[in-house]
Asks: 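Following this message is one structure expressed as structure tokens.
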There are 2 protein chains.
Amino acid sequence: MAVRDYGQYDGITQALELVGERWALLIIRDLLVGPRRYGELAAGLPRIPSNILAARLKEMQAAGILRRAPRSRVVIYELTPYGRELEPVVLALGAWGSKALGDPREEQIITPDAMTMSLRTAFRPHVAAELPATAYAARVGPAELLVRVDGPTLDVARGDGPADLAFSAGPGIHRLISGELAPDRAIATGEVEVLRGPRDLLGRFASTFHLAA
Amino acid sequence: MAVRDYGQYDGITQALELVGERWALLIIRDLLVGPRRYGELAAGLPRIPSNILAARLKEMQAAGILRRAPRSRVVIYELTPYGRELEPVVLALGAWGSKALGDPREEQIITPDAMTMSLRTAFRPHVAAELPATAYAARVGPAELLVRVDGPTLDVARGDGPADLAFSAGPGIHRLISGELAPDRAIATGEVEVLRGPRDLLGRFASTFHLAA
DNA sequence: CTGGATCCTGCCCGATACTG
DNA sequence: CAGTATCGGGCAGGATCCAG
């Protein structure tokens, strides 16, 4: 730890020493959605080598960012309060990076946890507060999410459920959120397919989840 | 770029592909203070190998984060507007990391640019707005900074100048900003030495620059 | 002298096999 | 299922060298 060290004393450097290594912040991203088992983390990060996942978990545990918690026969990993304080960092990174997202390449996948954090990034509570409570069932690739907006609060859960609007989308959903693609055009081009519910609710979705340019 | 790829399509992953590699965000940190020449960047990051610095500059230039700008015979590097949008990310990282800063190790240094960004991180504009305009001349290790607070705006420049309060501090200045160390105790223990001006202005400094727990 | 490019060494990462 | 062990390759680290 002492050799491969940035050698500076300030907050940014310290942060990078703790979570600056490869894969670390993606593990944090998934744990911000909820506690996860080792296998769940591995499934959400298909390209991570298992030794790297194990190493990162150990390092971040030693740093007080996450903890191994035994839960009725199985072990789960969960963020400590200090680890949860990384949420603004992850949201800021997500907001910045999403502006540089082009079209997805063939091998790029969208995982449920990544999609959940993207929605949290794009969520505009002050806009949502003015709108009626709405539940959306969104299927993005293989990810099924139940998105409940109630006033200024957002809840995203995996799986299906009762929803005012159910739709299925490809990665083009990002262009909808970025405002690059208008809701009705998204439906017209087939990038978003409405499965149940009034299709004009997609406009409400787009104004609730929006990343400013 | 295609092999060492995270393989996911979302904002956070994209951000990490652009600025997630070693040293990248420290270069951004320094460029957020102002345009810098190659040698200035190298001086502010003493441990970076020159090939890595050159490589990062090229990569981030290709990504549209910074640009090489010829300025009267010399080349300077400056952030593009998109690169400047990383400021919230860097500030969030700095705020988070500074909470984990222990005592500095022997070899850890404080550079002027790092200190400038630390001050920006800790600056509380709403508090400063209630206080009279104040100029501080702060010497932290080898870094000499002129810190001007005028209402809700902050300006940090290198070098000396007219100031209401001039003080010299070690790395313990971070404990002052974190609230761990009261201003009068910082003076009493010698962690901060007031060179010119009324010493109770250090209290104003500490309430202007403060990181919430 | 500044702004890099080049070389070599070593370690981290990536991939996979293997084990409690 | 939850990791550990092992090995090869590639990026990082450090010194040196080159061009304008």
Side-chain angles (χ1 to χ4, degrees), chain A residues 1-8 13 16-28 30-31 34-63 66-78 107-109, chain B residues 1-8 13 16-28 30-31 34-63 66-78 107-109:
Chain A
M1 191 59 135
V3 286
R4 207 177 136 87
D5 194 327
Y6 289 111
Q8 304 200 2
T13 304
L16 292 177
E17 305 232 346
L18 297 183
V19 296
E21 287 182 76
R22 210 164 153 72
W23 293 103
L25 279 172
L26 292 183
I27 296 171
I28 301 289
D30 287 3
L31 287 178
R36 292 286 180 267
R37 298 173 53 172
Y38 185 92
E40 295 175 315
L41 289 171
L45 303 165
R47 301 260 269 248
I48 194 174
S50 68
N51 57 345
I52 298 295
L53 175 55
R56 293 292 172 273
L57 288 174
K58 252 182 212 149
E59 294 158 10
M60 293 196 286
Q61 188 184 356
L66 53 85
R67 75 169 70 96
R68 259 176 127 244
R71 284 270 205 293
S72 65
R73 304 208 42 183
V74 299
V75 170
I76 66 171
Y77 293 91
E78 63 185 7
E107 78 282 7
Q108 291 186 310
I109 62 170
Chain B
M1 193 59 133
V3 284
R4 206 178 137 88
D5 195 325
Y6 290 111
Q8 305 200 0
T13 303
L16 292 177
E17 305 232 349
L18 296 182
V19 296
E21 287 184 75
R22 210 166 154 70
W23 295 104
L25 279 172
L26 292 184
I27 296 170
I28 300 289
D30 287 4
L31 287 178
R36 292 285 181 267
R37 298 175 52 173
Y38 183 93
E40 295 175 317
L41 290 171
L45 304 165
R47 301 259 270 248
I48 194 174
S50 72
N51 57 345
I52 299 296
L53 176 55
R56 293 292 171 273
L57 289 173
K58 249 181 217 153
E59 294 159 10
M60 293 197 285
Q61 188 184 354
L66 53 84
R67 75 170 70 97
R68 270 178 118 238
R71 282 271 204 293
S72 66
R73 303 209 39 182
V74 299
V75 170
I76 66 171
Y77 293 90
E78 62 184 9
E107 79 281 7
Q108 290 186 312
I109 62 170

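Residue numbering restarts at 1 for every chain, and letters A, B, ... go by the order of the sequence lines. Computation of the quantities below employed the complete heavy-atom set of this structure, encompassing side-chain atoms and omitting hydrogens, waters and symmetry-equivalent molecules.
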Asks: Between dC12(C), dG14(C), dG3(C), spot the one nearest the side chain of Arg4(A), thanks.
Replies: dC12(C)
Asks: What is the distance, to the nearest angstrom, from the OH atom on Tyr6(A) to the P atom on dG14(D)?
Replies: 13 Å
Asks: Could you state the CZ-P distance from Arg47(B) to dG14(D), rounded to the nearest angstrom?
Replies: 7 Å
Asks: So do the side chains of Tyr38(A) and Val75(A) get within less than 4.5 Å of each other, counting heavy atoms only?
Replies: no
Asks: To the nearest Å, how far apart are Arg36(B) CZ and dG3(C) C1'?
Replies: 17 Å
Asks: Rounded to whole Å, how long is the line connecting atom CG of Leu45(A) with atom P of dC13(C)?
Replies: 15 Å
Asks: What are the atom names and distances for every N/O pair under 3.5 Å that joins the protein to nucleotides 3-7 of chain D?
Replies:
residue	atom	partner	partner atom	Å
dG3(D)	OP1	Arg68(A)	NH2	2.8
dG3(D)	OP2	Tyr77(A)	OH	2.7
dT4(D)	OP1	Lys58(A)	NZ	3.2
dT4(D)	OP2	Lys58(A)	NZ	3.3
dT4(D)	O4	Ser50(A)	OG	2.5
dT6(D)	O4	Asn51(A)	ND2	3.2

Asks: Could you check how far CH2 of Trp23(B) sits from P of dG13(D), rounded to whole Å?
Replies: 6 Å
Asks: Are OP1 or OP2 of dG14(C) and a side-chain N or O of Arg22(A) less than 4.0 angstrom apart?
Replies: yes
Asks: Between P on dG10(D) and CD1 on Ile52(A), what's the gap in Å once rounded to a whole number?
Replies: 16 Å
Asks: When you compare the side chain of Ile48(A) with that of Leu26(A), does any pair of heavy atoms fall below 4.5 Å?
Replies: no
Asks: Would you give the length of the straight line joining atom CG of Leu45(B) to atom CD of Glu40(B), rounded to the nearest 0.5 angstrom?
Replies: 11.5 Å
Asks: Do Leu41(B) and Leu31(B) have side chains that get closer than 4.5 Å, going by heavy atoms?
Replies: yes
Asks: At less than 4.0 Å, is any side-chain N or O atom of Arg37(A) found next to OP1 or OP2 of dA2(D)? Yes or no.
Replies: yes
Asks: Just wondering, do Arg22(A) and Ile52(A) contact through their side chains at under 4.5 Å, heavy atoms?
Replies: no
Asks: dC1(D), OP1 or OP2 - any side-chain N/O from Arg73(A) closer than 4.0 Å?
Replies: no
Asks: Using whole Å, report how far CG of Leu53(B) lies from P of dG14(D).
Replies: 14 Å
Asks: Roughly how far, to the nearest 0.5 Å, is the CZ atom of Arg4(A) from the CZ atom of Arg47(B)?
Replies: 12.0 Å
Asks: Would Thr13(B) and Gln108(A) count as a side chain to side chain contact (heavy atoms under 4.5 Å, CB included) if you check the C-alpha gap in whole Å, the side-chain angles of each, and the deciding distance to 0.1 Å?
Replies: CA-CA 10 Å; Thr13(B) 303; Gln108(A) 291 186 310; 5.9 Å; no
Asks: Report yes or no: do Arg37(B) and Tyr77(B) form a side-chain donor-acceptor pair below 3.5 Å?
Replies: no
Asks: Does any N or O in the side chain of Glu21(A) come within less than 3.5 Å of the main-chain N or O of Arg56(A), such that one atom is a donor and the other an acceptor?
Replies: no
Asks: Angle, rounded to 10°, between the helical axes spanning five pairs at each terminus of the helix from dC1(C)-dG20(D) to dT19(C)-dA2(D)?
Replies: 30°
